[in-house]
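Would you mind keeping the following structure in view while I ask a few things?
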Amino acid sequence: MAKYTITNQPAPLRFDIGGDAVQRTLQNAKNLLMCAMGEVPYDRLRGFDRSLYDLPEKEFREQLLPELDRMLLWEPDAEVADAEFGADENGAIVITATIDISDRRESLG
């Protein structure tokens, strides 16, 4: 499995991915991380639970990986390996997640 890094910082969608399954999976995982739980109609559990932002730092750190694991259930080829958080120059929380992406072709062979 290859490791990649994604953040919750906004970035434009890429429409030039074509058949690149890894890039498509990365974009899907980033999209899930940027989405707030409750904002997708008929699928209120999809996205990141932003109520975690209100927790003390220690509790936020403890609940970050389980929340990312739950959130990435919608992208079966991605698995969270590690995550950290900090603040940007405006004070917004930036989550950086390291994810493993499995290649389904490897598992089929």
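Keep in mind that the numbers below use all heavy atoms, side chains included, and drop hydrogens, waters and symmetry copies.
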Checklist entry - Could you go step by step and tell me if Y4 and V22 meet the side chain to side chain contact (heavy atoms under 4.5 Å, CB included) rule? => result CA-CA 10 Å; Y4 299 90; V22 171; 3.4 Å; yes
Checklist entry - What are the two closest non-hydrogen atoms of G47 and E67, and how far apart are they? => result O-OE2, 3.8 Å
Checklist entry - Hey, is the main chain of Q9 close enough, under 3.5 Å, to the side chain of K30 for a donor-acceptor pair? => result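 At least one qualifying donor-acceptor pair exists.
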Item to check | Shortest non-hydrogen contact between I95 and L33, atoms and distance | outcome: O-CD2, 4.2 Å
Item to check | Residues clustering with L13 (ILVMFWY side chains joined when closer than 4.5 Å, directly or via others) | outcome: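 Its cluster mates, by chain and number, are F15.
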Checklist entry - According to the salt bridge (Lys or Arg N to Asp or Glu O under 4.0 Å) rule, which pairs have a member within residues 5-18, sequence neighbours left out? => result R14-D16
Checklist outcome for this item: To the nearest 0.5 Å, atom CD1 of I17 lies from atom CG of N28 at 8.0 Å
Checklist entry - When clusters are formed by joining ILVMFWY residues with side-chain heavy atoms under 4.5 Å apart, either directly or through shared neighbours, do V40 and M71 land in the same one? => result no
Checklist entry - Quick one: do M34 and L52 end up in the same hydrophobic cluster if we chain Ile, Leu, Val, Met, Phe, Trp and Tyr together by side-chain heavy atoms under 4.5 Å apart? => result no
Next on the checklist: Just verifying a value: how many Å separate L26 CG and R24 CZ, rounded to the nearest 0.5 Å?
Outcome noted: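 Those atoms lie 11.0 Å apart.
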Checklist entry - Shortest non-hydrogen contact from D49 to R70? => result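 Taking every non-hydrogen atom into account, N-NH2, 4.2 Å.
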Item to check | Interatomic distance, L45 atom CG to L73 atom CG [nearest 0.5 angstrom] | outcome: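 Result: 10.5 Å between the selected atoms.
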Next on the checklist: Using 0.5 Å steps for rounding, measure from the CD1 atom of I99 to the CG atom of D69.
Outcome noted: 11.5 Å
Residues 78-88, side-chain donor-acceptor partners within the protein, below 3.5 Å, at least two apart:
{"residue": "D88", "atom": "OD1", "partner": "N90", "partner atom": "N", "Å": "3.0"}
{"residue": "D88", "atom": "OD1", "partner": "G91", "partner atom": "N", "Å": "3.0"}
{"residue": "D88", "atom": "OD1", "partner": "A92", "partner atom": "N", "Å": "2.9"}

Next on the checklist: Working to the nearest 0.5 angstrom, can you tell me the gap between F60 CZ and I93 CD1?
Outcome noted: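 If I round to the nearest 0.5 Å, the distance is 5.0 Å.
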Item to check | Geometric class of the Y53/F48 ring pair [parallel <30°, tilted 30-60°, perpendicular >60°] | outcome: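 Rings of F48 and Y53: tilted, as their planes differ by 30° to 60°.
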Item to check | Residues forming a salt bridge (charged side-chain N to carboxylate O under 4.0 Å, His left out) with E89, sequence neighbours excluded | outcome: none
Checklist outcome for this item: Quick note, salt bridge (Lys or Arg N to Asp or Glu O under 4.0 Å) partners involving residues 32-48, not counting sequence neighbours, are D43-R46
Checklist entry - Measuring from L68:CG to I6:CD1, what's the distance to the nearest 0.5 Å? => result 8.0 Å
Checklist entry - Partners of E75 by salt bridge (charged side-chain N to carboxylate O under 4.0 Å, His left out), sequence neighbours excluded? => result none
